[in-house]
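First the structure, in the form of structure tokens, and then the observations on it.
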Amino acid sequence: MERTFWYKDAVFYQIWPRSFKDGDGDGVGDLMGVYEKLDYIQSLNVDAIWFSPLYPSPNADYGYDVMDYMDISAEYGGMEAFRKVLQGAHERGMRVIMDLVVNHTSDEHPWFQASRRREEPYTDYYIWRKAKKDGTLPNNWDSMFEGKAWQYDELRKEYYLHLFAVKQPDLNMDNPLVREEVKKIMRFWLDMGVDGFREDVITFISKDKGLPNGSPLMPAAKGISHYANGPHVHEYLMEFRDVLDQYDCVTIGEAPLVTARRALEYTEGKRPELDMMIPFQCMEGDCFLTDYFPHRFSLRKLKWIWGHWQKTLRGRGWNFLYLENHDHPRIVSRYGSEEYRVESGKALAASYLFQQGTPIIYQGQEIGMTNIRLESIEDYEDVQTINHYHTFFTNRPEKDRMARIWRASRDSARTPMQWNDGPHAGFTTGEPWFHVNRNHAEINVAAEEGDPDSLLNFYREAVRLRRSLPVVRYGTFRQFELWSGKLFVYERRSKAQRLLVICSYTPEAVKFRAPKGYDLRKGKLILRSHGDDVENNGFVTRPYETRVYLFQDRRVPEV
Ligand code: NOJ
């Protein structure tokens with residue numbers, strides 16, 4: 001099938017279904033709730049929705065532990081509700097992509113249960129090993145979520161590998177039957193009309209032969225060099241490409257710790273293995289590798305990362321642009337300022353929405369939801385959060401340990417969506433499954449709908465503008481004020497248009513002067529957070545001020 005590469009003009013919206021909107025009053029978000037909100041999603045001017053997993057799951061990792069790949073969880077309304085949402089989205093001109101979680105399943109998946117009993121053809125569907133002769137574990141690999149990566153199974157009398165939670169056994173992708181299953185799953189959803197997949201930890205699916213020990217120096221992820229970008233990953237992805245090629249669909253690869261160069265290995269060429277990679281590095285503006293090793297936010301570092309990805313992928317791959325998802329705390333609380341929540345939210349939005357690539361907005365990001373700070377670890381739900389609390393920095397006072405959780409927990413992104421200032425933020429008429437952030441009285445969709453200067457309306461306008469400007473798709477990317485730790489200034493340039501984006505990352509007043517070749521009075525200020533005053537071809541910034549100027553050369557027709 002001829003591909004249209006529709007995703008290059010698209011803006012995505014991510015839904016983490018459990019916390020988006022409850023339609024049946026049981027306290028858990030569901031597809032009936034999503035259906036109610038389709039007009040709202042459309043009002044954001046987005047083109048596509050990515051659903052975090054909707055499959056039946058015991059929820060050890062909230063849907064990333066799948067029990068049945070060809071069904072929709074009854075909690076979310078089952079297949080009937082899904083078909084309705086799919087149709088409703090398509091009718092509104094929005095595409096829908098699913099999360100494809102095939103590095104591992106749930107231990108409650110029938111394949112795993114049969115594999116434990118050595119029932120054919122499932123015996124080798126997972127990675128089973130005996131203990132070493134001295135009785136120790138098959139190797140020294142760590143699980144990302146729970147202790148060591150091996151769990152003993154009493155029934156089979158062997159260990160199975162789990163790179164994530166104990167309840168998430170890794171599939172054996174070297175087994176051709178497993179790869180056939182993946183293809184079957186892909187066809188199933190694509191035939192139903194789904195428009196593509198976000199592929200979970202897809203760079204981990206091929207493990208080094210013999211599963212050798214990892215370097216003991218790698219804290220908390222021993223073994224990673226033996227399964228990240230493993231020996232057959234490219235070959236397996238090309239096998240999957242044969243299926244994908246029969247549909248005009250998109251694939252987004254999730255690849256923890258991926259570098260821009262590495263992303264090219266997956267996304268370059270006429271027939272790439274994957275269309276885009278999630279650029280984890282843009283989450284490292286205030287931490288080393290993971291949110292749990294924080295440092296002070298550094299705009300310079302973030303600017304370097306953004307610039308590096310723009311430059312490396314230009315003309316070769318295609319960027320995926322994000323600031324938030326269900327795996328990271330809220331961006332305003334990290335890179336912005338809770339005190340200047342709306343202003344810093346706007347600066348962040350303009351910082352990434354006009355870069356080259358396909359942006360995604362995570363539910364709640366568009367209204368500037370912030371981190372939650374729960375009193376005790378007992379109040380948290382996420383397996384990673386709980387594990388990190390019990391594993392790292394255990395010798396520190398409780399206060400410090402909780403401060404780290406407040407800063408890094410994924411649960412901050414998983415609190416129910418704040419629709420209004422009523423009970424439970426309008427998320428449910430029942431008892432919500434997880435804590436609603438108390439600040440919903442001020443931060444909610446209804447309040448922002450009515451305010452023309454709200455962050456929500458800024459997002460709508462920014463997305464609308466981005467779609468109307470060909471320079472955003474095709475233009476080159478260049479930064480100014482490169483060494484500034486306070487301003488992020490970039491240009492997008494094509495033959496006929498230039499876009500100058502100026503974002504302040506500080507409440508301080510900073511003197512900005514337009515770069516050489518720019519006369520601000522000749523530009524059109526198409527998006528702004530504050531004023532439009534210009535003096536000496538520049539201005540003094542207000543807290544987290546944002547401006548986007550468009551310069552149009554009327555003599556050159558835009559392509
Ligand atoms: C990445 C997903 O985004 C995350 O939520 C999940 O816990 C892990 N992969 C394991 O599936």
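Remember, it's a predicted structure, so these values are computed and weren't measured experimentally. Hydrogens, waters and symmetry mates are skipped; everything else that's a heavy atom, side chains included, is used. For ligands, and for the atoms within them, numbers begin at 1 and follow the listed sequence. One-based numbering along the sequence shown.
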Worksheet, complete the sentence: When distances are taken from atom 3 (O) of ligand 1, the protein heavy atom at minimum range is Asp327 OD2, 2.4 Å
Worksheet item: Which atoms of ligand 1 sit under 4.0 Å from any heavy atom of Glu254?
Response: 1 (C), 3 (O), 9 (N)
Practice prompt. Below 4.0 angstrom from a heavy atom of Arg414, which ligand 1 atoms are there? Numbered from 1 as shown, please.
Written response: 5 (O)
Worksheet item: Just checking, Arg401 and Tyr389: is the charged tip under 6.0 Å from the six-membered ring centre and within 45° of the axis?
Response: yes
Worksheet entry | Partner of Tyr126 under ring pair (Phe, Tyr, Trp, His ring centres under 6.0 Å), chosen from Tyr159, Tyr160, Phe112, Trp111 | Phe112
Worksheet item: If you count the non-hydrogen atoms of other residues, nucleotides and ligands that lie under 6.0 Å from NZ in Lys209, is the total more than 12?
Response: no
Worksheet item: Where is the nearest protein heavy atom to atom 6 (C) of ligand 1: which residue, which atom, and how far?
Response: Asp61 OD2, 3.2 Å
Fill in: Among Tyr69, Tyr247, Phe82, Phe197, the one residue meeting ring pair (Phe, Tyr, Trp, His ring centres under 6.0 Å) with Trp189
Phe82
Practice prompt. Specify the protein heavy atom at minimum distance from atom 9 (N) of ligand 1: its residue, its atom name, and the distance to 0.1 Å.
Written response: Asp200 OD1, 2.8 Å
Discussion item. Using a 4.0 Å heavy-atom cut-off, which part of Phe145 comes near ligand 1: side chain, backbone, both, or neither?
Written reply: side chain
Item to complete: Answer with side chain, backbone, both or neither: which part of His326 has a heavy atom less than 4.0 angstrom from an atom of ligand 1?
Response: side chain
Worksheet item: Is NZ or CZ of Lys37 both nearer than 6.0 Å to the six-membered ring centre of Trp419 and within 45° of the ring axis?
Response: yes
Worksheet item: Hey, does the side chain of Gln281 reach the backbone of Ile305 with a donor-acceptor pair shorter than 3.5 angstrom?
Response: no
Discussion item. When you measure from the side chain of Trp150 to the backbone of Asn140, do you find a donor-acceptor pair of N or O atoms at a distance under 3.5 Å?
Written reply: no
Discussion item. Within 45 degrees of the ring normal and closer than 6.0 Å to the centroid, is that where the cationic atom of Lys8 sits relative to Trp318?
Written reply: yes
Fill in: Those atoms of ligand 1 less than 4.0 Å from some heavy atom in Arg410
4 (C), 5 (O), 6 (C), 7 (O)
Response to the item:
Counting heavy atoms under 4.0 Å, the part of Arg198 that contacts ligand 1 is side chain
Worksheet, complete the sentence: In ligand 1, the atoms that come under 4.0 Å of a heavy atom of His104 are 10 (C), 11 (O)
Worksheet entry | Interfacing atoms of ligand 1 (cut-off 4.0 Å, heavy-atom, Phe164) | 10 (C)
